[in-house]
Visitor: 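Sharing a structure with you now.
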Amino acid sequence: MSEFSKRRVSLVFTLSLLTTAIAIIWFIVSRMLNMNELSTYIAFTGTLFILSAIISRRGNLTVARFIYMIAFSFSVTLTASFIGKAGSVEFILMFAMALPFVLFSFRREKLFIAIFSGLSMIFWFLLYFTDFNLFTSTHMDPVLAGRYIYPISIFTTIILVTYQLIYFSFINAGFYSKIHNQREEAIEASNAKSRFLSMMSHEIRTPLNAITGLSHILGDSNPREDQMQNIEALNYSGKILLNLLNNVLDFSKMESTKIELDPIPTNILAAVKQIKKIHEPSCLRKGITLELEIDDELPIVWLDIVRFNQVINNLVSNAIKFTDEGSVTLKIVKETETNDSVRIRTEIIDTGIGIDEEQQKKVWQAFTQASSNTNRIYGGTGLGLPIVKGIIEAMGSVVRVESQMGVGSRFYFNLELKLASSQELDQITQKRVHDLKGKKVLLVEDNQINVMVGKQILEKANLVVDVAYDGLVAVNKAQENNYHVILMDIQMPVMDGYMAAEKIRKFNTTVPILALSASVFQEVKDKMHESGMDGFIFKPFDPENLLNKIEEIVNK
């Protein structure tokens with residue numbers, strides 16, 4: 001019985017009982033009209049309908065449906081033959097033709113649907129071709145048939161069709177209700193996931209903000225040459241950690257939206273120079289070498305360097321992870337160049353364990369690794385390569401892999417990039433001199449380390465900094481003082497940043513409010529604007545970008 005749904009069993013049982021009741025009515029009518037032979041046949045088919053109900057109730061639905069369909073089509077055809085064309089009994093066969101689509105599964109039992117729909121159609125044609133002499137040549141008086149039987153035939157057809165329509169309406173209502181509930185559950189699950197990822201993003205990005213901020217402060221404190229290299233490596237390590245976090249968040253966003261690119265003028269040679277410094281310690285520990293073969297003639301291009309580095313870091317990290325002897329090579333070469341664009345090829349080659357041909361397609365699937373032992377031996381989330389694939393496709397290219405077991409792997413892709421000028425690069429890279437002396441800023445932040453870092457960065461730019469550790473204090477200070485800009489954290493105790501911004505806007509509509517957010521989700525951005533904030537700065541923020549944003553909004 002498990003192969004049939006309760007709904008279908010209930011349908012066959014109910015329909016069998018309904019048809020039994022209709023057969024009783026026809027039996028009484030035929031007896032009243034002295035059509036004794038017909039009444040005998042109807043009585044026999046009536047028992048078949050009862051048998052169908054009993055068998056369906058016991059769970060043998062296939063036999064029950066066969067008995068029902070044969071008995072129904074035969075009884076209608078027999079009655080129509082005895083009564084004649086004037087009674088229009090044959091119209092009930094229209095219901096019989098459609099009935100198999102209800103009784104049988106269209107997915108699994110198409111043959112049965114065709115057989116029983118065809119059977120009813122054959123009976124209908126036979127009635128017309130034999131002039132209703134299919135089972136007997138003695139017909140009921142046409143006048144009596146038109147007066148008594150015709151209304152009963154139409155009434156019976158209406159009952160059966162109405163039952164079918166009501167049943168379908170009931171089923172559809174149930175399905176729609178179920179779909180609605182599942183939709184609500186899916187939305188709630190999606191919202192819960194977004195809330196969780198937003199919280200995790202905030203919790204991880206907050207200490208990362210301190211790491212990148214402190215490394216910037218140390219770099220601006222006239223360090224020795226050997227210290228400067230360590231500071232740069234510390235800063236880059238923070239970015240690598242941020243890259244790992246972005247992998248998880250990017251995968252979440254890739255499920256529903258496209259990856260957005262932010263190309264800027266980039267010197268690729270300078271941009272990837274830290275790759276060797278950050279990954280070489282891992283190679284030294286394993287006794288392998290990391291080689292960089294970067295074409296010296298690479299021009300300045302428009303490129304989302306953050307995403308590009310994310311791809312390179314994922315592929316290089318993977319190569320090092322799966323290589324125990326030999327080398328890992330990062331190769332970036334110029335292939336062709338025109339007046340306004342250049343085609344570059346990027347390759348990451350290793351002498352590691354390799355990937356067999358069968359698994360090469362699977363490595364691009366989320367949470368999938370080359371074998372069941374891979375995660376246990378080498379670790380990893382299985383998200384790196386799917387995100388690499390998504391980013392490269394967003395850049396208009398395809399990443400491919402060539403690999404041989406025990407020999408190594410080669411991941412490679414080509415990028416068609418627009419050329420940029422040295423002047424455009426200088427505008428991006430040159431350090432601006434900020435004119436912020438004497439400007440008052442309210443820093444609203446509950447994390448004391450971030451307050452320490454933020455104050456040092458802001459005060460070094462000659463800003464006058466006031467601090468509030470929660471949203472309520474921020475509202476009170478904004479009432480008592482005039483600030484040129486308010487830097488508002490989002491997640492805080494007592495009162496969050498959204499509520500604080502809304503309350504400030506009730507008495508001050510002009511002071512610029514910039515959200516300091518560790519969340520990258522669109523719903524968070526939308527809520528910031530709804531609460532009256534003028535913009536947002538993601539944590540961990542680049543100090544230079546923070547000061548540029550403050551100067552831009554203050555001057556505006």
Side-chain angles (χ1 to χ4, degrees), residues 4 7-27 29-30 38-39 41-53 55-56 61-106 108-136 139 145 149-169 171:
F4 302 110
R7 176 184 64 81
R8 201 178 296 277
V9 172
S10 175
L11 169 64
V12 175
F13 177 75
T14 307
L15 200 56
S16 297
L17 292 182
L18 177 64
T19 314
T20 301
I22 293 172
I24 292 171
I25 294 172
W26 276 98
F27 174 80
V29 170
S30 61
L38 175 61
S39 66
Y41 289 132
I42 291 174
F44 173 72
T45 56
T47 59
L48 292 178
F49 294 135
I50 294 172
L51 182 63
S52 172
I55 294 174
S56 67
L61 203 59
T62 301
V63 174
R65 291 178 296 177
F66 271 60
I67 292 173
Y68 180 88
M69 285 304 307
I70 294 171
F72 189 89
S73 298
F74 181 77
S75 63
V76 173
T77 308
L78 188 71
T79 307
S81 183
F82 270 87
I83 291 174
K85 190 174 183 180
S88 297
V89 178
E90 74 280 0
F91 281 116
I92 303 176
L93 285 171
M94 292 173 59
F95 174 77
M97 288 179 199
L99 198 55
F101 290 90
V102 181
L103 293 182
F104 295 91
S105 168
F106 188 76
R108 294 182 289 108
E109 301 172 314
K110 292 181 183 177
L111 180 61
F112 294 155
I113 294 174
I115 289 172
F116 287 113
S117 295
L119 180 65
S120 301
M121 193 174 295
I122 289 169
F123 277 138
W124 197 344
F125 282 123
L126 287 174
L127 283 170
Y128 277 96
F129 289 148
T130 61
D131 197 23
F132 288 77
N133 295 320
L134 184 60
F135 292 106
T136 180
H139 304 302
I149 303 299
Y150 176 77
I152 297 174
S153 300
I154 297 300
F155 180 69
T156 302
T157 305
I158 290 172
I159 287 176
L160 291 170
V161 172
T162 302
Y163 169 78
Q164 193 167 342
L165 290 174
I166 291 173
Y167 179 78
F168 268 121
S169 299
I171 292 299

Visitor: Taking CZ in Phe13 as the centre, count heavy atoms belonging to other residues, nucleotides or ligands within less than 6.0 Å. Is the count above 12?
Guide: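 More than 12 within 6.0 Å, yes.
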Visitor: What is the minimum heavy-atom distance between Ala64 and Val12, and which atoms define it?
Guide: CB-CG1, 4.3 Å
Visitor: Output the distance between atom OG1 (Thr79) and atom CZ (Phe74), rounded to the nearest 0.5 Å.
Guide: 9.5 Å
Visitor: Using every non-hydrogen atom in the two residues, find where Ser56 and Leu61 come nearest and quote the distance to one decimal.
Guide: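 Heavy-atom minimum between the residues: CB-CD1, 4.0 Å.
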Visitor: If a pair satisfies side-chain hydrogen bond (donor to acceptor under 3.5 Å, both in side chains) and one of its residues is in residues 14-23, list it, with sequence neighbours excluded.
Guide: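 Every side-chain hydrogen bond (donor to acceptor under 3.5 Å, both in side chains) pair that includes a residue of residues 14-23, provided the two are not neighbours, is Ser16-Ser52, Thr19-Tyr68.
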Visitor: Which residue pairs pass the side-chain hydrogen bond (donor to acceptor under 3.5 Å, both in side chains) test with at least one member in residues 85-97, sequence neighbours excluded?
Guide: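 side-chain hydrogen bond (donor to acceptor under 3.5 Å, both in side chains) check on residues 85-97 returns Glu90-Tyr128.
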Visitor: Between atom CD1 of Ile149 and atom CD1 of Ile154, what is the distance when rounded to the nearest 0.5 Å?
Guide: 12.0 Å
Visitor: What is the minimum heavy-atom distance between His139 and Ile83, and which atoms define it?
Guide: CB-O, 4.2 Å
Visitor: Give me the atom names and distance for the closest heavy-atom approach of Ile67 to Leu48.
Guide: CG2-O, 3.6 Å
Visitor: Distance from Thr62 atom OG1 to Phe112 atom CZ, nearest 0.5 Å?
Guide: 6.5 Å
Visitor: Quick one: pull up CZ in Phe95 and CD1 in Ile159 and give me the separation to the nearest 0.5 Å.
Guide: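 That separation rounds to 11.0 Å.
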Visitor: Run the numbers on Thr77 and Val89 for side chain to side chain contact (heavy atoms under 4.5 Å, CB included), then give the verdict.
Guide: CA-CA 8 Å; Thr77 308; Val89 178; over 6 Å; no
Visitor: Check the pair Val102, Leu15 against side chain to side chain contact (heavy atoms under 4.5 Å, CB included), reporting the backbone distance first and the verdict last.
Guide: CA-CA 11 Å; Val102 181; Leu15 200 56; over 6 Å; no
Visitor: Considering all heavy atoms of both residues, which atom of Thr136 and which atom of Ser81 are nearest to each other, and what is their separation?
Guide: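 Here Thr136 and Ser81 meet closest at N-OG, 3.5 Å.
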Visitor: I want to know whether Tyr41 and Phe135 have ring centres closer than 6.0 Å.
Guide: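 So the answer is no for these two rings.
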Visitor: Side chains of Phe104 and Pro100, heavy atoms from C-beta outward: is any pair under 4.5 Å?
Guide: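 Heavy-atom side-chain distance check passes, below 4.5 Å.
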Visitor: Are the side chains of Phe72 and Leu160 in contact, using a 4.5 Å heavy-atom criterion?
Guide: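 When only atoms from C-beta onward are counted, Phe72 and Leu160 do touch, with a gap below 4.5 Å.
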Visitor: May I have all residue pairs that pass side-chain hydrogen bond (donor to acceptor under 3.5 Å, both in side chains) and include part of residues 112-121, sequence neighbours excluded?
Guide: Ser73-Ser120
Visitor: Let me know which of Ile22, Thr45, Ile42, Leu38 forms a side chain to side chain contact (heavy atoms under 4.5 Å, CB included) with Phe27.
Guide: Ile42
Visitor: Quick one: pull up CZ in Phe125 and OG1 in Thr130 and give me the separation to the nearest 0.5 Å.
Guide: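 The distance works out to 13.0 Å.
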Visitor: Would you give the length of the straight line joining atom NZ of Lys110 to atom CD1 of Ile115, rounded to the nearest 0.5 angstrom?
Guide: 14.5 Å
Visitor: Could you report the tightest heavy-atom contact between Met94 and Trp124, atom names first, then the distance?
Guide: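 That would be CG-CH2, 3.2 Å.
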Visitor: Could you tell me if the ring centre of Phe66 sits under 6.0 Å from that of Phe116?
Guide: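 Ring centroids of Phe66 and Phe116 are less than 6.0 Å from each other.
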Visitor: Mind checking whether Ser39 and Trp26 have side chains closer than 4.5 Å, heavy atoms only?
Guide: no
